[in-house]
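Scroll down for the structure; my scribbles are underneath it.
In the text below, chain A, chain B and the rest are named by the order of the sequence lines, each starting its count at 1. Treat the numbers as computed from the prediction; the structure is a model and nothing was measured.
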2 protein chains.
Amino acid sequence: MKVTRRTFVQGLGITGGAGLAYGAMATLGLAPEITDGSARYRPPAMSDLLGKAAGKASVLVLGAGPAGLCSAYELGKAGYEVTVLEARQRPGGRVWSVRDGTVETDLDGETQTCAFGPGQYFDLGASRIPQGHITIDYCRELGVPLQAFGNQNANALVNYASDSALSRRSIQYRAAKADVYGYLSELLQKAAARGALDDVLSAADKEALSSFLRDFGDLSSDGRYVGSARRGHEPSPFAMSEVIRGGLGRDFSFEFGYDQAMTMLAPVGGMDRIYCAFQREIGTGRIRFGAEITSMTNTADGVRVEFGQEGRQQFVTADYCVCTLPPNLVVRLANNLPPDILAALRAARPVPAGKLGIEYSRRWWELDDRIFGGITYTDLDITQIMYPSDHFNEARGVIVGYYNTGRRQQSFESRSHRERLAKAIEAGTAIHGDKYGRDIVSSFSGSWRRTRHSEGAWVEWPGYRKLHEPVDRIYFAGDYLSNAVAWQHGAFTSAREVVTALHARIAAR
Amino acid sequence: MKVTRRTFVQGLGITGGAGLAYGAMATLGLAPEITDGSARYRPPAMSDLLGKAAGKASVLVLGAGPAGLCSAYELGKAGYEVTVLEARQRPGGRVWSVRDGTVETDLDGETQTCAFGPGQYFDLGASRIPQGHITIDYCRELGVPLQAFGNQNANALVNYASDSALSRRSIQYRAAKADVYGYLSELLQKAAARGALDDVLSAADKEALSSFLRDFGDLSSDGRYVGSARRGHEPSPFAMSEVIRGGLGRDFSFEFGYDQAMTMLAPVGGMDRIYCAFQREIGTGRIRFGAEITSMTNTADGVRVEFGQEGRQQFVTADYCVCTLPPNLVVRLANNLPPDILAALRAARPVPAGKLGIEYSRRWWELDDRIFGGITYTDLDITQIMYPSDHFNEARGVIVGYYNTGRRQQSFESRSHRERLAKAIEAGTAIHGDKYGRDIVSSFSGSWRRTRHSEGAWVEWPGYRKLHEPVDRIYFAGDYLSNAVAWQHGAFTSAREVVTALHARIAAR
């Protein structure tokens, strides 16, 4: 198995994948097996921790993101006295469904207010769920309705710079696929017929392969690719060398990824529906919003956490603490953590990622381009354009004008929203034409490194086994401690490990 | 461009595709261009025919399927006096959403009553809509909400007989794809490296191809396929010869088809929502259900149609008639059509196709197999198993236990429902294990050749230009007269051609 940078870049979850992180963690022995959600999890049961140590301990949960709310929910089911402290005024953390009324001031001081129409939204953080992830099971348990999320679309486009005549041309994904698969099949057919692979292919293998390639590549009876009805409007293919040198297939493998292959799913109405449901089940009274934590310390017989809320410094104590803040923010708290733990937390490097949503009063991508959901790929800085997977055929719609990471995201994150929008429209216009700049009603953008209380989309880090153990009475949980970094699944599995360990400890007292 | 039997079998719409039919029609000059919906249609506009000849003529429409209701709807918009005669007690024709309360007696006299739970259904006829089809535009105009239809799923299975060790094994689609693409890439990489393709590939081509293949096939640094995280649970691949000889990729091309590539769509709640909306817009009073037509004749100054309704023989006259009955049923009417027209209608051969829906009280395919929508492929007689694309995570669900055509359908159509169900469960059990036979609440099946008022799923025929012209005052419309046979799109485009021609004729009087 190889785990390459490419695998990483393509395995994007919230905005990223587990590839590199998994590779690193496997080396350290943290990852029990391959990045395979379905083999490891057990669907959550209402009775998981119930009735074993009810009410015998109090637990403070820091952060109301996926790891924090999952921890509080599971501990609450078991009857523990749980309090959640959350700096934001909303649950979800890096799950953030931006809609009418969303107001956010970033670390550079710019305030945006979202003015989307009724029901319109986009997920600035996690936006899709693979079938195998435990997130699906929490949606079932919490009664959060799911719908399909379009991670691929034959009518979407590819547009790349290359040394071929296809450079910077917008080409339907279906045409790119037909041509790449057609020429691939023709070439392999030819090589096999020439006997170039006779040392590895038997006569029977060759016959079976040939039969497959004729169908797979839509080859003519003489084994050539001369175009295909699969392409759509224009069955005639681009020239072979242009297709190969144009790199039209460079993003094909995205949709083969374990975490990205269809069927992908999403809650109806926005990913935050999951966390509103968690909040309802946990009890809103148990979650203190607007609590900015400043200190977290182990004491002789418990934990003490200080926080500012409504301009007043306060503190709270409990028997135990589950800390789900991002590692890059934990290290800023006043604390009495040992140096090796602090060093491990500091090794986590926050990754830049962000998105921009553009609301249009006319769904031109459906009306003119017949694109219903899915993703257009480009090597321009915007990286991709994502079309909405719901509200099909309605009047308004929100396109994700960019979703990018690393250097490409950095070209956006230091700019004002107005500049980001202008740059996104310029790229979108290069791909879709002038209509990309018309009928825009409103827009909203966010860069996770410049977003308060997160300051990163997820982390790249070498992994550290010791953070999987509690420091006295403080436990760490979060996607960064899982083998599904940047996925809600990772946050949930980490939280479940922690509450299971905590419960076992209390039960054994 | 090749149009093969395979293309035909794979391009299934209602239950079938336009491949062969298109090929034949193109030869006859009927098909203006390649099977490309999006290039040919113009979205319907409210004002299409309006105000040009309002109320100046009466039109009888025979049949309340897609062609009939589209005709009546467009003529009604223009103010014509329209009456629709329909033998069934429901609109939609071969669009048939089976749900609680559906009762049907087939031509063999067996009566089935559907007892699905609330909201549960399956589409025994047309079940999916490609993005490019005009059907989407009618949904927009009629206010019928759409959702994604899962035409592919990496967690679904393939199961085939072969001469390899993989014979009759249930293999996840994602594993089959990873192994086929992996070995394909390794083989082509090897052949190119050996110089076997140096006459067709430049050095730059080879370098670009190699870069693509490494990613596409998830190859190791030395160009070999040794497995992939894309496979899921078990990254280790099957042996190359087994994969090739096992024919694991034999159904891959289905999802590349112009009419089948994702995103596919379907109305929320069943395909019949479209025809209920048509009925509402046309006005229920203009549609006479239960009217079994027995005669259709051109008279000196109009048309006369006889029909039986509630045991009483009746007739109705009008200035014009749009006949949308299946050609195989038109020829049975008393009529005064000329011999060449009758010969053309008789040349249409009804195709066998059918489905069986199984309602379970437990969505085991989601709970146990993590399959949310999509299709499992097999060479068993059931051909495929289709998983529901909505009601995800709920209690009950309806699986399509078979959807097949030709010889495979014939192995079901002559049997009783009980026998069909038993045979479907036997095959499903071979693929999914014993759970396939458990938790079954109810079931329903239909074979279109044995279904009254249709007697075929769609037709194969050589095409006949003359049927595109009216016979005196009788016009023919239906998917069989389009280049999208078996698709609603075909019925709509045919209907729109006919009402446009009829309107022009009346306007020119």
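Per-residue counts of heavy-atom pairs under 4.5 Å with chain A were compared for B/Ala204, B/Gly374, B/Gly143; the largest is that of B/Ala204. Ranked by non-hydrogen atom pairs under 4.5 Å with chain A, the options B/Asp205, B/Val200, B/Leu188 are led by B/Asp205. Ranked by non-hydrogen atom pairs under 4.5 Å with chain A, the options B/Pro145, B/Ala148, B/Ser241, B/Ala261 are led by B/Ser241.
Without hydrogens or angle criteria, A/Lys190 side chain to B/Leu197 main chain gives no donor-acceptor distance under 3.5 Å. Of the possible donor and acceptor atoms, one in the side chain of A/Asn155 sits under 3.5 Å from a partner among the backbone N and O of A/Arg370. Side chain of A/Ser164 to main chain of A/Arg245: no donor-acceptor pair is present (N/O by atom type, distance under 3.5 Å, no hydrogens or angles).
If you measure heavy-atom distances from B/Asp390 to chain A, you find no contacts under 4.5 Å at all. For A/Val243, no part lies under 4.5 angstrom from a heavy atom of chain B. Contact of B/Ser202 with chain A is made through the side chain alone, with heavy-atom distances under 4.5 Å. Of the two parts of B/Phe392, only the side chain, counted from C-beta on, holds a non-hydrogen atom closer than 4.5 Å to a non-hydrogen atom of chain A. Proximity to chain A (any heavy atom under 4.5 Å) is shown, for B/Asn151, by neither the backbone nor the side chain. Of the atoms belonging to A/Asp368, not a single heavy atom falls under 4.5 Å from chain B. In this structure, chain B has heavy atoms under 4.5 Å from both the backbone and the side chain of A/Phe216. With a 4.5 angstrom heavy-atom cutoff, B/Ile136 touches chain A via backbone and side-chain atoms both. Both the backbone and the side chain of B/Phe372 come within contact range of chain A, judged by heavy atoms closer than 4.5 Å. With a threshold of 4.5 angstrom between heavy atoms, B/Met240 approaches chain A through side-chain atoms but not through N, CA, C or O. Both the backbone and the side chain of B/Gln152 come within less than 4.5 Å of a heavy atom in chain A.
In this structure, the side chains of A/Leu219 and A/Glu186 come closer than 4.5 Å at one or more pairs of heavy atoms. Put simply, the side chain of A/Leu184 reaches to within 4.5 Å of the side chain of B/Leu184, judged on heavy atoms.
To the nearest 0.5 angstrom, B/Leu209 atom CG is 6.5 Å from A/Leu187 atom CG.
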Practice problem: Given ring-ring contact (aromatic ring centres under 6.0 Å, His included), test B/Tyr181 with A/Phe252 step by step and report yes or no. | Solution: CA-CA 11 Å; B/Tyr181 289 5; A/Phe252 285 4; 9.5 Å; no
Practice problem: Run the numbers on B/Glu255 and B/Lys177 for salt bridge (charged side-chain N to carboxylate O under 4.0 Å, His left out), then give the verdict. | Solution: CA-CA 12 Å; B/Glu255 69 191 42; B/Lys177 210 173 205 177; 2.7 Å; yes
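Between B/Tyr377 and B/Tyr173, the two ring planes are tilted [angle within 30° to 60°].
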